Every structure is written in C-alpha cells, then in structure tokens.
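The shown structure was predicted, so the numbers you read here are calculated from the model rather than taken from an experiment. Reminder, nothing fancy here: chain letters follow the sequence lines and each chain counts from 1.
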2 protein chains.
Amino acid sequence: MKLSVRGEYALRALLVLGLHFGGEVVPIQMISEEQNIPKRFLEQILNDLKVTGAVESKRGIAGGYRLARAPQEISLASIIRHVEGALAPISCVSERFYEKCSCPDEARCAIRNVMKDVRSKILEVMGTITVADLCARAQKLAEEPATALDYVI
Amino acid sequence: MKLSVRGEYALRALLVLGLHFGGEVVPIQMISEEQNIPKRFLEQILNDLKVTGAVESKRGIAGGYRLARAPQEISLASIIRHVEGALAPISCVSERFYEKCSCPDEARCAIRNVMKDVRSKILEVMGTITVADLCARAQKLAEEPATALDYVI
DNA sequence: TTTATACTCTACCATGTCAATAGAGTTTAT
DNA sequence: ATAAACTCTATTGACATGGTAGAGTATAAA
C-alpha cells in the first residue's frame, strides 16, 4: 500500500513551488537542498511534472521551476497519477489504469468490492487536497508550538 | 499506492477459508483452482498466514487449511500487515513499521500531515472489515442479478 | 561575446522486490 | 506401503526503483 519515494519527492517539490507561487522561479538546487532530495533525481521528476503540465520551467542562469497553474487547481491525486500511476490499491478498481485481475468473477469479487471502498476513501483525501491546502497546512504547522506536535514512536 | 499480488492472494484465500469455516479443512489445491492462484506460490502465503496465527493446517492425505480464529475476528488490515508490511502510504506515518523519512522536519511536514489522513482512511476500511464481512459481501454479490452489477471501463 | 549557471535529454547501473518455480523432505489416512 | 498433502529452503527471471553520468542547450550578466 505504499507510495513510492518518487511520488513523495514530487509532492515535496510541489509544496516548495507552492510556497513560492507568484514570486520568482525556483532552481532545482534550492529545492534539492531545502528538502534533502538528490538533485539529479529531482531533475527527472520535475521534468515529468513539466510534461504533464503541473509546472513550467525557465532555462538559463536565472532559471528554475514554477507552478504552471494556481496551487488550488493542482490536486495531489493528479500529481501522483502522473508520476507513479494508479491511486487504487489494486488495478481492477482503478479508473484510469484499469487492468483485469486473475479472480474468477470480477463483477462478484468481494475483495474488489472492498477495495473499491478503499479506493474511494483514498480519493476522498488525495482528490480534494490541493497544493494550496498543502501550503496552508505547512504554514499552520510552522506556527504551532513544539509541544503541540505529536511524536510517533 | 498498490497492494501486492501477494496481499491480494492472501485475502482471496482467506475468503475461501471463511466460506468453509466450520466445515472440513480445505486443501491448497482447491483454493488454487477456485481462485486462479499458482499453487506453489499460494503454499508460501498460507504458510505465512499460519506462522502469524490466522490459519492452521492439517497435514497428510486429507490435509488442508482452515481459519485459526472466527472469521469476524480476522481483520483485513491484520492480514495485509502480516503478509506485506505497512498499510500506511509512507512509512513515516506507519504505526508498526515506522521509519524516519528524509524530509527536513518530520513533525512539521505537510505531506506527512496529509498522509496521516490517508492512512486513517485506509485503516477505517481495512481495520473494520473482517473475513466474515468479506464472506457476507461475497454471498450478497452472488445473489444479485447480473444487471445490477457495475462494469468499470 | 564570453562565461557561468541552470535546465534538457538519453543512457546507464546497481539493488531490491516480486511472483513464481523447484526439489527434497515430512506427515498421515487408507 | 503408498499416495495425497503440507513444509521448508533455495533459486530464478523479470521488472521497478532509486540514483548516477555525460553531453548537450538556453540565457542572464559581465
């Protein structure tokens, strides 16, 4: 049930770009340092995001990346789908990456039935939350006192 | 965001065992044929499930597997965790498989914050639904007329 | 117009996981 | 005894993942 590192990096990069939205273009270098992401790898991911239209780039000495659309128009679901494929836990319940599974009768498959529920729950979150929301959460978290933060053990 | 085939097979096998609960032990062969699962692979998966205590086996000529506990006491979440690890989309929000991620400040990470929501949504479904529910769904689906079934395109 | 900075594109590689197969047991009802 | 069925450990091939490398191209600034 994992998200790949690739997807995680994409979201982290987008968060940075979201926080700089409206301002100057942000160089890969800066994102890479700020977020601890291997620069060369991030390069590829941002390029993917460019191809899919989430970000745009400016080349040359003062170059870098910026969001191609308003932060509130970029859902996390759309990003994940672009950089790593299906959001659904199994592909027989995926809308855009549907694939038949090996079960005897897909239409009457109880597992599939449950996974459809899981899928819609995931989508409920990932489809609703946008880069703008991500930024808002980041700002809120930054303001909170350290004592209010939870520690997972 | 995928579940592995291993996890899917485990659930499918458990469904079969759930439907036979109370009766005789079910041989791997039968589950394998009924569910289109490679027998040798299923062998390993059922063995895992035995080690974790979800099923028990009987050896010898009339051998096979049965659930080790009542169907309503086996949640899908517990099974997935046993055969493939974390349910959480990223390990920094996993309760039992926690691992630090590479982000600069985990406690104030907005991505993590969102993923916690996703994780709890997934758990809301997978943690609640048991093998018994799975069986109930299977029976209900079997009764439904074909026209009521949905087709994903 | 040179130069340094930053993006672009294609290729490559090392590792690991996944799904599956294989073989040599052990157990047990008949 | 024997055949059906589980048990255990290895191994394999394919593929994805995470990351590196190098040779470009564009552009702002000096």
Pairs under 3.5 Å (N/O, protein and nucleotides 14-17 of chain C):
none

Spacing between B/Tyr65 atom OH and C/dT27 atom C1', to the nearest angstrom: 13 Å

With B/Lys58 via side-chain hydrogen bond (donor to acceptor under 3.5 Å, both in side chains) - residues at least two apart: none

Rounded distance in Å - CZ (B/Phe41) to P (D/dA14): 17 Å

Charged N-O contact under 4.0 Å between B/Glu143 and B/Lys140: no

For A/Pro104, all residues meeting side chain to side chain contact (heavy atoms under 4.5 Å, CB included), sequence neighbours excluded: B/Gln35

A/Ala77 versus A/Leu87, closest heavy-atom pair with distance: CB-CD1, 3.5 Å

Per B/Pro38 side chain, nearest of listed nucleotides D/dG18, D/dC6, C/dT21: C/dT21

Nucleotide-resolved protein contact map, nucleotides 21-26 of chain D, B/S/- at heavy-atom distance under 4.0 Å: BBBBBB

Close side-chain approach of B/Lys100 and B/Glu106, heavy atoms under 4.5 Å: yes

Results of side chain to side chain contact (heavy atoms under 4.5 Å, CB included) for A/Ala10 - residues two or more places apart only: A/Ile45, A/Leu49, A/Ile79, A/Val83

Side chain to side chain contact (heavy atoms under 4.5 Å, CB included) involving A/Gln139 - partner list, sequence neighbours excluded: A/Leu19

Least distance between heavy atoms, A/Leu46 atom then A/Val55 atom: O-CG2, 3.8 Å

Full working for side chain to side chain contact (heavy atoms under 4.5 Å, CB included) between A/Thr130 and A/Leu76: CA-CA 6 Å; A/Thr130 66; A/Leu76 301 198; over 6 Å; no

Terminal axes of the helix from C/dT1-D/dA30 to C/dT30-D/dA1 (five pairs each): angle between them, nearest 10 degrees: 10°

5' priority, DNA chain D, between A/Lys58 and A/Tyr9 [closest heavy atom]: A/Tyr9

Atom-to-atom span, CD1 of B/Ile31 to C1' of D/dC6 - whole angstrom: 12 Å

Below 4.0 Å: OP1/OP2 of D/dC8 and any side-chain N or O of B/Asn47: yes

Salt bridge (charged side-chain N to carboxylate O under 4.0 Å, His left out) contacts in which one or both residues fall within residues 44-54 of chain A, not counting sequence neighbours: A/Arg6-A/Asp48

Any A/Ser4 side-chain nitrogen or oxygen under 4.0 Å from OP1 or OP2 of D/dA16: no

Residue B/Ile28, side-chain atoms from C-beta onward, closest of C/dC7, D/dC6, D/dG18: D/dC6

Value in whole Å for how far the C1' atom of C/dA19 lies from NZ of B/Lys2: 14 Å

B/Ser57 side chain near D/dA5 phosphate (N/O to OP1/OP2, under 4.0 Å): no

Of all pairs that satisfy salt bridge (charged side-chain N to carboxylate O under 4.0 Å, His left out), the ones with a partner from residues 10-28 of chain A, not counting sequence neighbours: A/Glu8-A/Arg12

A/Lys50 side-chain N/O to C/dT8 phosphate OP1/OP2 under 4.0 Å: yes

Rounded distance in Å - CD (B/Glu8) to P (C/dC18): 14 Å

Atom pair distance, as rounded to whole Å: CZ in A/Phe97 and P in D/dA16: 14 Å

B/Asp48 CG - D/dT9 C1' separation (whole Å): 13 Å

Spacing of B/Glu56 atom CD relative to D/dA5 atom C1', expressed in whole Å: 16 Å

Partners meeting side-chain hydrogen bond (donor to acceptor under 3.5 Å, both in side chains) with A/Glu34 (sequence neighbours left out): none

Student check: side-chain heavy atoms of B/Phe21 and B/Pro71 closer than 4.5 Å: yes

Salt bridge (charged side-chain N to carboxylate O under 4.0 Å, His left out) pairs, two or more places apart, involving residues 65-89 of chain A: A/Glu56-A/Arg66

Touch class at under 4.0 angstrom, heavy-atom based, for A/Leu46 against every strand present: nothing

Interface with DNA chain D, restricted to residues 16-27 of chain A and to heavy atoms under 4.0 Å: none

Distance, nearest 0.5 Å, that separates CD1 of B/Ile37 from OG of A/Ser102: 6.5 Å

